[in-house]
Structures are given as C-alpha cells and as structure tokens.
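Order of the sequence lines fixes the chain letters, A, B, ..., with proteins taken first and strands second; residue numbering starts at 1 for each chain.
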Protein chains: 2
Amino acid sequence: MTQTQLARENIITTEMEQAAAYEDLAPEFIREGLANGTIIIPKNINHEFPARAIGKGLITKINANIGTSEVSCNLPAEISKLNTCLKFGAHSVMDLSTGGDLSAIRKKLLTSSSIMFGTVPIYAVATKLFREEKDIADMVAEELFSEIELQAEQGVDFITVHCGITKSSIKTLDSVARLMGVVSRGGSILVDWIKKTGNENPLYEYYDRLLEIAEKYDVTISLGDGLRPGSLFDASDKPQISELLILGELVQRAQERGVQVMVEGPGHIPLNEIEMNVRLQKSICNNAPFYVLGPLVTDIAPGYDHITGAIGGALATSFGTDFLCYVTPSEHLCLPNEDDVKQGIIASRIAAHSGDIIKGVKNARKADDSISKARRELNWPEIFKHAIDPELARKRKEETQTEGEDYCSMCGSLCAVKINRGEKR
Amino acid sequence: MTQTQLARENIITTEMEQAAAYEDLAPEFIREGLANGTIIIPKNINHEFPARAIGKGLITKINANIGTSEVSCNLPAEISKLNTCLKFGAHSVMDLSTGGDLSAIRKKLLTSSSIMFGTVPIYAVATKLFREEKDIADMVAEELFSEIELQAEQGVDFITVHCGITKSSIKTLDSVARLMGVVSRGGSILVDWIKKTGNENPLYEYYDRLLEIAEKYDVTISLGDGLRPGSLFDASDKPQISELLILGELVQRAQERGVQVMVEGPGHIPLNEIEMNVRLQKSICNNAPFYVLGPLVTDIAPGYDHITGAIGGALATSFGTDFLCYVTPSEHLCLPNEDDVKQGIIASRIAAHSGDIIKGVKNARKADDSISKARRELNWPEIFKHAIDPELARKRKEETQTEGEDYCSMCGSLCAVKINRGEKR
C-alpha cells in the first residue's frame, strides 16, 4: 500500500513519523496531509533512507539535478556531485543522465543516495532511440512503460511524466505564436511523437497503467509541465494553462486511487505573474504539492540563473510552492560541474528559506534570530554555526583577519555594533 | 542653480537631455519629474560625466560601494574596483573609505569616475576622531559641515546624511527591544553623540545649512536611514518608521528649496513587508526617489548576501524603488574584493532588470526577447551579445564544447530546440 492509502486507513507509518520528526510536527499532521493529498512522502518501497515529506505546512524542499550527458559522461564526477548534494542540504536529487550505461549509473547513484531520488524515464527511451539512429516516431508505448517499471523496481522515488502533452494541448500550442516553442526535453519528444504518429500520448491514454506501477512501488508521480514557458514572452500563455487543466484531472485520478502525486510548474515567468501561477496550480490541482523549476524572472542572465531562479523561487515559495528544483549557474550553457551544483543548492535553499519565513513554516525564523543575536555579540563562531555555508563564511572572515577576532576588514574600529555598546574609543 | 530649480524655470539642460537620451525618453519627461521631485540628476557642478537620472518611470539604477578601510587600505585595489564598476555597468559608486588619506583617495577616485559619485561625509569626521584617539562625543558640528563643504567642493554628486537620527527618534529606539540595535555606521555615531552630549543632531538642527551647501554645488541629499533594521526581527519597527516620518519632513524642505533629494531605505526585511516599505516611503516622502540597501530577505546567508539582496531588490524595484545599493558576497564578513564587486553589481542588475520588466520601464523586456529569439535559433554569438555577462557566458559554453557549436554539454542531441524543429535524427 502507498503512504497515502495507509494514511487513509488511519495508519501512522514509520515514514510519517520520520518525516514529522524532521519538521518538529505531530505525525498526525503528516498523516492528514497525505490522506487529503496536500502532502506526499516520495519514497519507493525499494529505496531505504530517512523519509521526508513535501507539501502544505512543511519546510520547502529543494531538488538538485545531476547526471551524465551525451558529451559529458563521467560517473565518478556524478558521484561527487551527489555527495555535494548531500553535504549542502539538497532534499532530493534527480538523475537526468543521458550518457553512458543509464541503468548502471542510476543504480549506482540511487544506492548512494540517502535522499529522495527522481528521474525522467522518457530520457532513457529517447537516448536508446538516438543511439540506434532511430526517429522519435519509432518509440513504442510498451518501451516507455517497461522503462518506467524497470526504474520503479530499481527504487526510484519519484518520476517526471509529461502526461499533459496531448493532442488537445498540442492544438492549443499550435494556435499561438510562441517565442521559444517547447523547452521541456520530455515535452518536446512527446510533441514530436504525437505529431508524427498521429497517436495520443501513451502516458495520457494509458494513465491507469502508469498509476498501477506507481501504486505497486509507491512511486510518486510528478506531473511534468512539458509546455512550460521557456521565455518571459511565452509566460502564462494558453498552451501552458491548457496543459495545467489536464494535469488537474490527472491529479484527481491519482489521488482517488491513493497514488502520491505532485505537479511541476514553470519556468520563465515575470515577477508579477508568479503569485497567479502558484494560486492557479493549487486551485486547479486540488492543492497537490507544487514543484517549481525556478521560476526565472528574466531571460538575460545565463551564467547567473541560480540568482534569477532564487528571486522567482523565493516568491513562489512565499505563495505556497512546496518544492523547488534548483537552477545552477550553468543553466542554458552547459552541464553543471560540482561547484555549479553547490551554488545552485545554496541559492535554492536561500529562496526556500526566505519564503518559509513568511509562509508559516514552524520555527522557520529561528536560525535568522540566532545569527542576528550572534552578530550583536560579535560572536563569530556562533555566526558561522548558523550561517547557510559555515565553511565559506569562516574562510572569508579569517582570510581577511589582520587584527583581533572581533575586527572585520569592512569596518575596523568604525563598527556600528561596537559603537552601540558605547565603548570608549 | 540646481537641476530642480532649472526644471522649475522650464529650462531643459544638457544634463536633462543626456539623461533622457539614455532612457530613450523625451527631455520634457525628465524636466517634469525634476520639477515635481520624483526624478533627480545627481551631478555636482564640479564633476564632469554623462548625466543620468534616477526616479519614477526610469531604468532602476544601481550603486556599488567601494573604498578603503582601517585594516585594508590599498588605493590601486580601489581603482581596480572602480574600473570593475564601470565595466560591469554600475550607474554610481560610493566611496566609503575609512583608511589612508581620505581626501586624496576621494579625489583620485572621483576624477577617475565617469559615473555618479557618492560619499558618507561623517565617516571622514569619525575616522579623524578615532585616529586622534578622541571619543565620538568630541565631534564638533562645525567639523561636520566643513567636511561636507570640502567634499561638495571636490565634486561629490550625492551625500548620505543621517538627518533623521534625532532626540525624538532615539527615544523611540530606546522604547523597543531590538535584536541588532543600530547597524548603520553613520547612524550609530550620531546616536552615540546625541546620547553623550545631550545635543540635537546638527544635521537635523542646522538642516538649512546642509541645504545651502547642497544647493551651491547641486549636490543631491541622500537622507540616510540610520535606524534601518539589521535583522528580520527588527524589520519595520517603530524606530525605523519614526525616522522615516522625520525624513518625510526633510524631503519637503529640500524639495521646497529646489535641492535634489532622495531617501534611503532598509535593510533586513522579510519578503512580505517589502511592498509596504516601498509604498510607505513613497507616501510619506512625497514620491521622492527611493534608494534601497538590499533589502535582505533572510539573515542566514553571509557569503551569499548578493543573492538575498537580489531577491529583496527585485521585489522592491517591482513596487517602485528607483535605486538599488548593491550587496556583495562579502557583506557581514569583510571588505569586498574585486570579484565581490563584480558579483554584487551583476546580482543588483539582475534584480533591477527583473523589476523593471514589470514596472513599466520603456523597452525593459527587449533584451529578454532578443536573447530568447537567439536561443530558439541556437545562435550563440547573439545569445552572448544579449547576456548580462557576455564574457562569462561565452567562457562557460566554450570550455565545455566538445562537438559542433550548436551542441551544448547539457543536452547534446537530446535538445528540445532541435526536436522542436522536427529534424530527422
């Protein structure tokens, strides 16, 4: 049985207890949220790790994408990235590998991951086609479901599936003049396949089969936003919202069956449309957890998209987004390296935390008050302790320290904290 | 005569024309804003450079702080920082030096600066006292005004003066339990001086004298927020708002006299109080331009405060803030180095631009649409051209390029843009 099904039977599981302890909340709070679909615990029955929950009333979680690509395939490097994810506090990791032996890489990363582990199964199918020099049109529905079942059996905790790309949402897509077209890789594959074969998206047509696999392994379905906008010009347009409406129906079917489900969201969105996007998802998707990619509030900052993503992510969090997918400085440019992974995680954690402070997450501001108190006391060890990256903070302070520990190179004697104390100078 | 006085005489100056051309607006728009106080052109009659305007309806400008400190004093390093400011698009620079020969450093930096140049004159007075091992209480009002006149004569375009620290605002300060007390250096000096001497703040008591100097050289008065909150705990509290009310009166007096004036704002502010802070300043201060320090939306990220500042700055901009003071990764830790200056400028530019896109700044989204169009075409030279940091974007792409130019190491063949084109693979 899935965690949702167990919650509906009024059973509090070990997973619910672990998740509740992490949040300093009562297990019953988690159970209730699971039962009504506002909370999920993405955890495959074949993957052992401390359970975490995502959803309403909880700390906003952050995901880091790692994985090989066709032109950059180095398993030890990906394992280092995974360790960076663990060290810097990502709550989940997605393996988006498309280079090398995908199944072996996934298995290795998954068994090394003590956090939630997600994938996009269609990448494996498309990669196989590409390697065989076949066209996307040659993809057979059966392959897709076999791949999903294989990954579920391996222990993947959540999978992105672009079920909302349908003949009907493609019609809407073709009716508007988009600047960037389809920027989701999974989305673009399915659009291409549907257009070339004339058939309906198997992930939509045979959605029950997908739910069956998800139920069997308690895999969480992450309904991908294949038609998300890839530029501000395309934000909140008809294709995006048409797809969201379909995802709303699919959320309902998953929830009715007791399959855990969340919804993915955009993308490139201007600042003043973020609130609407979050509230609309909540309204259309029966308050299922919302998993947002960014959003990026400007298109002009390749090399710094962890910052544009942090701006959008903070705002999205404050309006009720539950799960942030990180964006790294390498976005739009190249595969992230280990430092990109770190920068992306820290930026996302800042965004999530800034939003959590004001959206009613328990004790969210405790760390802020602790570090401020330490600042007032010029208690540097305490400042480092509460800092988001203690190592870096200590390094910057110490490498510029020429006087006593209570001096910093910015203000020297002209320090407001010292002047506040009215110390005789 | 000041630009404001000239505007009120219906005269369009060269400065107004230069500022208007930069914005692609009619000079009359700038003249009108100057006349009613919603626009300023900080430009001392003794400083030659292309004039820029700050205020309502204009591109949000950004300021970078540089300058020596007691424990880190290296003029060539500060000149390199200034060049970094010019290269990466800061609109103004503030010299906050407190180490070395302050007057000589200021002169050198000012003559090298082809952008607006600001200072905090009380730093020079306090530094002198500290060097003479005197107490802040020994400061004489006359010294402060002489220093201001000296800097005005040197060509400083705008000065931060903490005129809102008064006996009355200190009373309010003492009535609340703040976590961080006073974090403004200028503010803390004046609080200390008033408490020790029992006298009123000379910058408030003799405000007309300040206005006289400002009028003579057309120096813009930047009314400092000496009681700004230095932690989320202290945000939007009574002392902060008491000071703002005083600044509102002082704005009126400056505007009545035709002296250019803007108002500085916080500080450490949670996400959901930023809108109120901006709207309150506009309401209380007769829509004078608002110059914001951050705001920082969490206290926990020393080492990454350019990101917390970008989140707050983007939001503040979107609600009508006109001028952002950058925050660098070194904030709260040490004096910024050259890379910190660069990172701070880029983060602030991202914040300002993200806000400008939605607050009705002319052509603000043009660069976004251009880079997105280039992305759709996989036209990398065009992508780099419109990127906020062309050098970095090119470097990241090229150092990971193993295949043809239209490949990137993230997606390889599995590229949504290529799949969109329906290319045969």
Visitor: Of all of A:Lys397, A:His268, A:Arg185, which one pairs up most often with chain B through heavy atoms under 4.5 Å apart?
Guide: A:Arg185
Visitor: Can you find a pair of side-chain heavy atoms, one from A:Thr400 and one from B:Leu335, that are under 4.5 Å apart?
Guide: no
Visitor: Let me know if A:Arg178 has heavy atoms under 4.5 Å from chain B in its side chain, its backbone, both or neither.
Guide: backbone
Visitor: Quick one: side chain to side chain contact (heavy atoms under 4.5 Å, CB included) partners of A:Ala137, sequence neighbours excluded?
Guide: A:Asp135, A:Lys196, A:Thr197
Visitor: Sort out for me which of A:Ser69, A:Ser370, A:Pro270, A:Ala126 touches chain B most, counting heavy-atom pairs under 4.5 Å.
Guide: A:Ser69
Visitor: Is it the backbone or the side chain of A:Ile371 that comes under 4.5 Å from a heavy atom of chain B, or both, or neither?
Guide: side chain
Visitor: For chain B, which candidate among A:Val191, A:Ile189, A:Thr98 shows the most heavy-atom pairs at distances under 4.5 Å?
Guide: A:Ile189
Visitor: Between A:Met180, A:Lys373, A:His386, which residue shows the highest count of heavy-atom pairs closer than 4.5 Å to chain B?
Guide: A:Met180
Visitor: Between A:Thr298, A:Ile300, A:Ile388, who has the most heavy-atom pairs with chain B when the cutoff is under 4.5 Å?
Guide: A:Ile300
Visitor: Applying side chain to side chain donor-acceptor pair (under 3.5 Å) as the test, list every pair that has at least one member in residues 344-355 of chain B; sequence neighbours left out.
Guide: B:His353-B:Asp368
Visitor: Between A:Ile357 and chain B, which part of the residue has a heavy atom less than 4.5 Å away: side chain, backbone, both or neither?
Guide: side chain
Visitor: Quick one: are B:Leu333 and A:Trp380 in side-chain contact, heavy atoms under 4.5 Å?
Guide: yes
Visitor: In terms of heavy-atom pairs under 4.5 Å with chain A, which of B:Val182, B:Leu296, B:Asp234 leads?
Guide: B:Val182
